[in-house]
Amino acid sequence: MSNGEVAPNNTIYINNLNEKIKLDELKKTLKSIFQQFGNILEVLAFKTLKHKGQAWVVFEDVSSATNVLRQMQGFPLYDKPMKLQYAKTKSDVIAKADGTFVPREKRKKHDERADRKRREQHQDASQSMGLNAPYSGPYGAAVPLPYLGGVKPVPEAPAPPNKILFFENLPHETTPGQLQIVLSHYHGFKEVRMIDAKPGIAFVEFGDEMQSTVAMQALQGFKMTPQAQNQVLITYAKK
DNA sequence: AGCACA
């Protein structure tokens with residue numbers, strides 16, 4: 001019964017996100033990981049203390065959200081397994097498309113007389129939570145992959161943009177040739193290097209950081225084969 | 001833990 005289940009919704013509510021990641025990056029990353037499930041209308045995240053570590057991903061179709069929920073539950077992102085639920089309420093973009101959107105200011109028009117005296121007596125408790133940027137790594141620490149039982153590798157320092165990308169979580173049987181086929185579609189692709197002693201990872205070089213960034217965002221979370229379990233994680237290589 | 005509409 002009251003186990004926290006929520007009715008299907010276009011929007012996925014995510015929590016247990018790594019709060020150290022800057023919102024811009026977080027939103028981009030979520031988008032690139034989830035876009036494979038369907039068209040995303042919006043990704044929202046806020047920095048207020050009440051909303052840290054949370055995000056909303058709005059899909060055009062409920063079925064996309066449902067697939068995300070089934071397939072990506074617990075997916076480790078920036079070192080933390082994501083917790084996914086349907087959002088409790090309809091997102092504004094959806095309501096606007098519906099024609100059911102009610103602007104927020106007018107929404108409390110229920111008891112027009114009951115609360116008329118309640119003018120904003122907020123304490124203005126200026127929570128100085130403005131610009132704390134704990135660190136500025138763009139893509140966050142590499143995610144330790146198979147996410148088995150709790151033992152984590154050392155937290156890696158976040159790497160700044162780099163024309164070389166670091167791929168993890170590849171199926172171990174992946175060959176450089178297979179990867180090259182995928183990568184050759186991206187502008188500026190130069191070469192892929194794999195290490196026999198370390199299956200599942202690869203270094204991929206592009207002409208510059210712009211090109212590597214485009215490829216990273218396009219390929220983030222992809223699967224080498226349809227039946228592959230693991231979704232590939234891509235970060236900038238450490239310099 | 002925490003469900004918004006920057």
Side-chain angles (χ1 to χ4, degrees), chain A residues 1-35 37-111 115 118 120-141 143 147 150 152 155 217:
Chain A
M1 299 188 188
S2 52
N3 56 356
E5 296 244 330
V6 182
N9 193 301
N10 290 63
T11 303
I12 293 293
Y13 168 74
I14 309 168
N15 65 359
N16 200 43
L17 292 165
N18 188 329
E19 299 176 11
K20 288 175 292 188
I21 307 305
K22 287 191 292 189
L23 294 188
D24 241 29
E25 274 318 304
L26 180 66
K27 289 195 278 186
K28 277 196 239 168
T29 303
L30 289 170
K31 190 164 190 171
S32 45
I33 289 177
F34 287 153
Q35 65 186 354
F37 293 91
N39 191 34
I40 294 173
L41 300 181
E42 201 173 20
V43 178
L44 294 166
F46 312 92
K47 68 161 78 172
T48 57
L49 61 186
K50 192 181 174 201
H51 300 117
K52 278 162 55 171
Q54 300 156 76
W56 289 258
V57 179
V58 188
F59 287 94
E60 186 172 21
D61 302 312
V62 177
S63 61
S64 307
T66 300
N67 286 331
V68 166
L69 208 53
R70 294 193 183 135
Q71 297 186 41
M72 298 296 280
Q73 189 63 266
F75 183 85
L77 183 68
Y78 298 111
D79 222 1
K80 302 190 67 178
M82 292 190 280
K83 299 240 166 62
L84 309 180
Q85 294 172 254
Y86 292 116
K88 284 189 193 158
T89 58
K90 189 187 286 183
S91 292
D92 284 358
V93 262
I94 300 297
K96 281 170 184 165
D98 266 348
T100 61
F101 178 68
V102 180
R104 217 155 299 283
E105 295 76 31
K106 305 190 173 175
R107 206 171 269 184
K108 52 182 173 186
K109 207 175 146 196
H110 282 292
D111 307 322
D115 58 357
R118 310 188 57 192
E120 319 328 91
Q121 287 280 10
H122 309 269
Q123 316 261 57
D124 236 339
S126 321
Q127 324 233 4
S128 59
M129 65 197 162
L131 324 158
N132 52 344
Y135 60 83
S136 53
Y139 237 81
V143 172
Y147 192 65
K152 293 181 181 175
Q217 298 195 354

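Since we're looking at a predicted model, the values are computed, not measured. Letters go in sequence order (proteins before strands), and every chain restarts at 1.
Checking the phosphate oxygens (OP1, OP2) of B:dA4, a side-chain nitrogen or oxygen of A:K50 falls inside 4.0 Å.
Between A:V93 and A:N15, the residue whose closest nucleotide on DNA chain B is further toward the 5' end is A:N15. Comparing A:L17 and A:E42 against DNA chain B, the residue whose closest nucleotide sits nearer the 5' end is A:L17.
Atom CG of A:D98 has more than 12 neighbouring heavy atoms from other residues, nucleotides or ligands inside a 6.0 Å radius.
Looking at A:N9, its side chain does come within 3.5 Å of a backbone N or O of A:A87 through a donor-acceptor pair. For the pair A:N15 (side chain) and A:Q54 (backbone), a donor-acceptor distance under 3.5 Å is absent. Looking only at distances, a side-chain donor or acceptor of A:N16 sits under 3.5 Å from a matching main-chain atom of A:P81.
Going from atom CD of A:Q85 over to atom C1' of B:dG2 covers 11 Å, rounded to whole Å. Summarising the geometry, the separation between CG on A:L49 and P on B:dC3 is reported as 12 Å, rounded to the nearest angstrom. Atom CZ of A:R104 is separated from atom C1' of B:dA6 by 12 Å (rounded to the nearest Å). When the C1' atom of B:dG2 is taken as reference, atom NZ of A:K47 falls 18 Å away, rounded to whole Å. For the pair A:H51 NE2 and B:dA4 P, the interatomic distance rounds to 5 Å; values are reported in whole Å. Between the OH atom of A:Y13 and the P atom of B:dC5 there is a distance of 13 Å, given to the nearest Å. In this structure, the CG atom of A:N9 is 13 Å from the P atom of B:dA4, given to the nearest Å. The interatomic distance linking A:Q54 (CD) with B:dC5 (P) rounds to 12 Å, in whole Å.
With sequence neighbours left out, A:Y13 forms a ring pair (Phe, Tyr, Trp, His ring centres under 6.0 Å) with A:W56.
Looking at the side chain of A:E19, the nearest of the listed nucleotides B:dG2, B:dC3, B:dC5 is B:dG2. Across B:dA1, B:dA6, B:dC3, the shortest atom-to-atom separation from the side chain of A:T48 is found for B:dA6.
Side-chain atoms of A:S91 and base atoms of B:dA4 include a donor and an acceptor less than 3.5 Å apart.
If you check every strand for non-hydrogen atoms under 4.0 Å, A:K90 touches a base.
Judged by centroid separation below 5.5 Å and plane tilt below 30°, A:W56 stacks onto the base of B:dA4.
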